[in-house]
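As structure tokens, the structure follows; a few thoughts come after it.
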Amino acid sequence: MKRNLKYSVMEGCMYQTTEGFMEVWIQHVTFSKELKGGETLTHHARIITYADTQKHKLVSLFTNDMESDPDEIIEIYRKRREIELLFKQIKQNFPLKYFYGESANVIKIQIWVTLIANLLLMIMKRKLIRSWSFSGLATMIQITLMYYVDFYSLSNHPEKD
């Protein structure tokens, strides 16, 4: 939702937790847009605002789905955000500058190999004692991949090896 969006609130409803804190605030809104031919396009939507306890901030979601439960929409947006972060991580650490073939099967295989490599690095990162950034660990493995090295000892104590 753009910050400068002009809308009018038709009705609003706030749900609270048992402690009295805001859980979800639902607003049914309408907004209109002037088209080039002089027509006005009116659109009905709702804004679902909830308190994100992990990030300690209010998150507003703009949706035209009027029937779904607000908790369902919040969960869809959370999962969508996790998927976006996964693809951002893959694009940063495994840049696909070119594909090794032109067929759909070759492209699918290359993407699956990238996803598997990302999964293996995430598993390795969780099992390490020493704290590494994901990109630092990916770079270190990329450099030492062709050497016969114990990755766990090298990753936990790089100064020794």
Practice prompt. Sequence neighbours left out, what pairs pass side chain to side chain donor-acceptor pair (under 3.5 Å) with at least one residue falling in residues 20-31?
Written response: S8-T30
Item to complete: Measure the spacing between CD1 of I111 and CZ of F94 and express it to the nearest 0.5 Å.
Response: 13.5 Å
Item to complete: Check for a donor-acceptor pair, side chain of D65 on one end and backbone N or O of E67 on the other, with a separation under 3.5 Å.
Response: yes
Worksheet item: Taking only residues two or more places apart in sequence or in another chain, which ones pass side chain to side chain contact (heavy atoms under 4.5 Å, CB included) with K55?
Response: D52, K57
Worksheet entry | Pairing residues for E75 by the salt bridge (charged side-chain N to carboxylate O under 4.0 Å, His left out) criterion, not counting sequence neighbours | R78
Worksheet item: If you look only at pairs with a residue in residues 110-135, which of them pass as a ring-ring contact (aromatic ring centres under 6.0 Å, His included), with sequence neighbours excluded?
Response: none
Worksheet item: So which residues get pulled into L119's cluster when ILVMFWY side chains under 4.5 Å apart are joined, directly or through others?
Response: I123
Worksheet entry | Rounded distance [0.5 Å steps], CE in M140 versus CG in L145 | 10.5 Å
Worksheet item: So which residues get pulled into V113's cluster when ILVMFWY side chains under 4.5 Å apart are joined, directly or through others?
Response: I109
Item to complete: Quick one: list whatever passes ring pair (Phe, Tyr, Trp, His ring centres under 6.0 Å) with H43, sequence neighbours left out.
Response: F31
Worksheet item: Taking a hydrophobic cluster as the set of Ile, Leu, Val, Met, Phe, Trp and Tyr residues connected by side-chain heavy atoms closer than 4.5 Å, whether directly or through intermediates, do L137 and M122 fall within one such cluster?
Response: yes
Discussion item. Are the side chains of T63 and R46 in contact, using a 4.5 Å heavy-atom criterion?
Written reply: yes
Discussion item. Going by ring pair (Phe, Tyr, Trp, His ring centres under 6.0 Å), name the residues that satisfy it together with Y147, two or more places apart in sequence or in a different chain.
Written reply: none
Discussion item. Checking S60 against T49 for the side-chain hydrogen bond (donor to acceptor under 3.5 Å, both in side chains) test, could you report, in this order, the C-alpha distance in whole Å, the side-chain angles of both residues, the deciding distance, and whether it holds?
Written reply: CA-CA 4 Å; S60 294; T49 305; 3.2 Å; yes
Worksheet item: Who else is in the cluster with Y50 when I, L, V, M, F, W and Y are joined by side-chain contacts under 4.5 Å?
Response: Y15, V24, I26, I48, V59, L61, I73, I74, Y77
Worksheet item: Do other residues, nucleotides or ligands put more than 12 heavy atoms under 6.0 Å from M66 CE?
Response: yes
Item to complete: Could you list the residues that satisfy salt bridge (charged side-chain N to carboxylate O under 4.0 Å, His left out) with R80, not counting sequence neighbours?
Response: E84
Fill in: Spatial distance of atom CD (Q89) from atom CG (N118) [nearest 0.5 Å]
4.5 Å
Practice prompt. Compare every heavy atom of I107 with every heavy atom of G101, then report the nearest pair and how far apart it is.
Written response: O-CG1, 4.2 Å
Worksheet item: salt bridge (Lys or Arg N to Asp or Glu O under 4.0 Å): which pairs involve residues 128-142, sequence neighbours left out?
Response: R130-E159
Discussion item. Under 4.5 Å side-chain heavy-atom separation, chaining through any Ile, Leu, Val, Met, Phe, Trp or Tyr, what else clusters with L120? Say none if it is isolated.
Written reply: I116
Worksheet, complete the sentence: To the nearest 0.5 Å, atom OG of S135 lies from atom CD of Q142 at 11.0 Å
Item to complete: Decide if atom CD1 of I129 counts as having more than 12 heavy atoms of other residues, nucleotides or ligands within a radius under 6.0 Å.
Response: no
